[in-house]
Structure formats: C-alpha cells, structure tokens
Number of protein chains: 2
Amino acid sequence: MEHCDIRTTLENAGLSKTVQREAVLSTLIRADLPLCARDILVRIGRECRINKVTVYRVLDSFRTAGIVREIPTEHGETFYEMACRHNPTHPHFYCRICRSLACLPSAGIEQKWLQGIRPGDAAIESVVINFTGLCKSCQKRNRTVSV
Amino acid sequence: MEHCDIRTTLENAGLSKTVQREAVLSTLIRADLPLCARDILVRIGRECRINKVTVYRVLDSFRTAGIVREIPTEHGETFYEMACRHNPTHPHFYCRICRSLACLPSAGIEQKWLQGIRPGDAAIESVVINFTGLCKSCQKRNRTVSV
DNA sequence: CGATAAATGCAACCAAATTGCAAATCCTTT
DNA sequence: AAAGGATTTGCAATTTGGTTGCATTTATCG
Ligand SMILES: [Mn+2]
Ligand SMILES: [Mn+2]
Ligand SMILES: [Zn+2]
Ligand SMILES: [Zn+2]
C-alpha cells in the first residue's frame with residue numbers, strides 16, 4: 001500500500017511539526033487496521049515520550065484537519081484510521097467479544113446508500129456504518145465453549 | 001402507534017415479571033424516541049423504586065431476549081428502543097452538540113444494504129447506521145453564535 | 001538569539017457502565 | 001397460605017475511556 005508523507009501531511013494541514021504528532025501520524029500510517037488511543041500509545045512505546053492526553057489531543061487536531069477518520073464503536077472506544085486518498089471510506093466490522101475492529105472491503109458504498117436516506121432538517125456531517133458480531137476466532141472459541 | 005403488551009412480551013421472552021422490568025418496558029413502549037439508561041431512570045422517577053444498576057441489567061436482559069435494540073452513539077451513551085414488529089430497524093441521527101438521537105424514517109433499508117457487503121469470515125449480528133451532525137435547533141443556535 | 005504563541009505533561013476529574021455481595025423478591029411446591 | 005430455592009435488586013466500590021486546568025516545555029518567526 002502506498003503511503004502519505006508525514007511532513008507534507010502536517011504542512012498541508014497547517015499543523016506545527018512536533019515529535020509527538022509525527023509519532024502518532026507515523027503509527028497510523030504504518031498500521032494495517034484502525035487503532036484506538038490506547039493502541040497508539042502502546043505502539044509508540046519508548047519511541048518518544050508521549051502522554052495519554054497528548055494522544056487524544058493530537059488525534060483531535062488530526063480529525064479536525066481531516067487527516068484521520070474516527071470510527072466510534074459499540075463499546076465506547078473510538079478507533080482512528082488515515083483519511084487520505086490511499087484509504088477511501090468504507091464500512092467496518094466490530095467484534096463484540098474481543099473488541100477488534102476490521103475494515104470491510106466495500107469502498108464507496110456509503111455514498112450510494114446515503115441517497116436512500118431522508119435526513120429531515122439535520123445537517124449531516126458523517127455516516128458511520130458499523131457491522132457488529134463475532135469475528136472468526138471468537139466464533140471458534142465460542143463454539144468450543146458451548147459444546 | 002400500536003403497542004406491545006407488557007405482560008405478553010415478558011412472558012414470551014421467558015423473563016420473570018418484576019415491577020422494575022415492567023417500569024422499564026412500559027417507559028420504552030411509551031417513548032416516542034430512543035432513550036438512554038439515564039433517560040429511563042428519570043422517566044420512571046417515583047413511579048417505582050429502581051436503581052441505576054437495575055436499569056442497566058434490565059436493559060441487558062431485554063437486549064439478550066431481543067425485546068429492545070441498542071443504538072450506541074459517538075459520545076458513549078447507549079440508547080434503546082423497542083425491537084418489536086411495530087418498530088422495524090432504521091438508521092438514526094445523532095446531534096454531536098445536544099447529544100439527542102432521532103429515528104430516520106427509512107425502515108427496512110438496512111436489509112437491502114446488507115446484501116452489498118462481503119463480511120469475510122465474520123458472523124454479522126447487527127448493522128448500525130448512524131448519521132452524525134447538527135440537529136435543526138443546534139444549527140440555529142450555532143449560526144447565531146458565530147455571526 | 002529572544003519573544004510569543006502553541007503544544008505537552010501531569011494530576012485531578014468526569015460520565016457511563018460494571019462488579020461483588022448482601023438483602024429483597026419472585027415463583028414453585030407443598 | 002407458608003416455605004424454600006433461585007432469581008433479581010440495591011448499594012458501594014471500581015473500571016474504563018476520555019476530558020480539564022494549569023504550569024512547563026517546545027515550535028516558529030522576526
Ligand atoms: Mn477502515
Ligand atoms: Mn429508532
Ligand atoms: Zn473477536
Ligand atoms: Zn442538537
């Protein structure tokens with residue numbers, strides 16, 4: 001997969017370049033699936049000194065700038081993924097047991113679906129389509145337990 | 001709108017009949033929009049003695065029995081609505097300012113959408129389609145403020 | 001380099017939801 | 001109707017994901 005350049009991304013967004021922002025951004029670019037704040041903190045590890053609060057604030061600035069997309073889940077944790085041209089919007093699958101989030105390969109489908117919707121008077125800013133259920137490994141584990 | 005019978009609903013679900021369960025169920029049946037645990041607690045008020053924890057547990061038993069649907073929101077509160085035949089599944093709109101949740105009148109559309117999805121190995125149990133943005137009154141309020 | 005605005009770290013805080021356990025209630029069987 | 005066992009509830013404490021206030025540090029620009 002092709003990737004965005006960290007410096008260019010920050011510059012284009014008008015965000016000042018700090019080690020913490022670079023660490024969060026590079027973690028998200030490297031990731032092959034959406035990450036939550038805790039994931040990011042763990043992945044950065046000792047790479048650079050960074051606080052939990054900073055991760056939240058950095059993610060918020062990225063979201064405001066349109067660099068990342070937010071994917072809220074049933075359980076309450078919010079996941080993040082790159083919102084660049086290399087990663088068009090798509091639905092997600094959330095496992096209610098292991099609380100993992102997976103991207104579903106149906107890019108662009110939201111736009112088609114949106115046309116069937118009458119939002120009334122509301123000003124819609126985003127659509128979240130979240131499938132929930134049991135992932136493959138949790139299905140297996142559950143089957144074994146219940147038999 | 002037609003309504004379900006409280007006693008029959010509980011009996012069919014195999015749930016014992018307690019004043020607390022009846023209170024929660026009747027509140028949800030009466031409601032004209034999805035409610036969160038706190039809403040339910042407030043609406044029950046002095047009607048019967050009920051604890052916050054009980055509301056959560058009752059809602060959980062209702063969800064397991066398929067009596068209610070869960071609608072998780074971006075902010076972390078979970079809303080609930082009747083899942084009976086009088087109320088087929090539909091998408092929802094969530095206002096990120098006033099945190100209100102509204103039902104969108106597009107019944108049955110999720111089922112159609114599901115057909116376009118390749119879930120891979122996952123066992124899908126539910127689809128949540130959540131529109132987020134600003135409701136009418138929050139648009140107005142925001143406009144006034146920013147001018 | 002120095003000034004100033006912006007970003008970060010830390011501790012305290014918050015709201016929603018969950019847990020453990022004792023007391024109360026429900027439901028079946030006498 | 002009373003008894004007994006299983007289920008449900010209330011209460012206090014805890015967990016979790018996230019936020020706030022404020023002092024310190026860092027980035028950026030002249
Ligand atoms: Mn994704
Ligand atoms: Mn609804
Ligand atoms: Zn899983
Ligand atoms: Zn609103």
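Every chain is numbered from 1, with letters handed out A, B, ... down the list of sequences. No experiment lies behind these values; they were computed from the predicted model shown.
Side-chain atoms of A:Ser26 and A:Glu22 form no donor-acceptor pair, as typed in the model, at a separation below 3.5 Å. In this structure, a donor-acceptor pair under 3.5 Å is absent between the side chains of B:Ser126 and B:Arg69.
Direction of the helix axis in the helix from C:dC1-D:dG30 to C:dT30-D:dA1 shifts by 30° between the two five-pair termini, rounded to 10°.
Listed by first and then second residue, the salt bridge (Lys or Arg N to Asp or Glu O under 4.0 Å) pairs that reach into residues 34-56 of chain A are A:Arg30-A:Glu47, sequence neighbours excluded. Sequence neighbours left out, the pairs with a member in residues 53-62 of chain B that pass side-chain hydrogen bond (donor to acceptor under 3.5 Å, both in side chains) are B:Asp60-B:Arg63.
Residue B:Val53 belongs to no hydrophobic cluster, having no ILVMFWY side-chain heavy atom closer than 4.5 Å to its own. Within the hydrophobic cluster formed by Ile, Leu, Val, Met, Phe, Trp and Tyr side chains joined at under 4.5 Å, directly or through other members, B:Leu101 is accompanied by B:Ile71, B:Phe79, B:Tyr94.
For the pair A:Asp39 CG and D:dT16 C1', the computed distance is 14 Å after rounding to whole Å. If you take CG of A:Asp60 and C1' of D:dG17, they are 14 Å apart, rounded to a whole angstrom. Atom CD in A:Glu22 sits roughly 9 Å away from atom P in D:dA27 (whole-Å rounding). A:Arg63 has its CZ atom 14 Å from the C1' atom of D:dT19, to the nearest Å.
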Discussion item. So if I define the base as every atom that isn't primed, P, OP1 or OP2, how would nucleotides 7-17 of chain C read as a B/S/- string at a heavy-atom cutoff under 4.0 Å?
Written reply: SBBBB----SB
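Between A:Asn87 and A:Met82 the shortest heavy-atom distance is ND2-O, 3.0 Å.
In summary, A:Glu125 and B:Arg96 engage in a salt bridge, as defined by a charged side-chain N under 4.0 Å from a carboxylate O.
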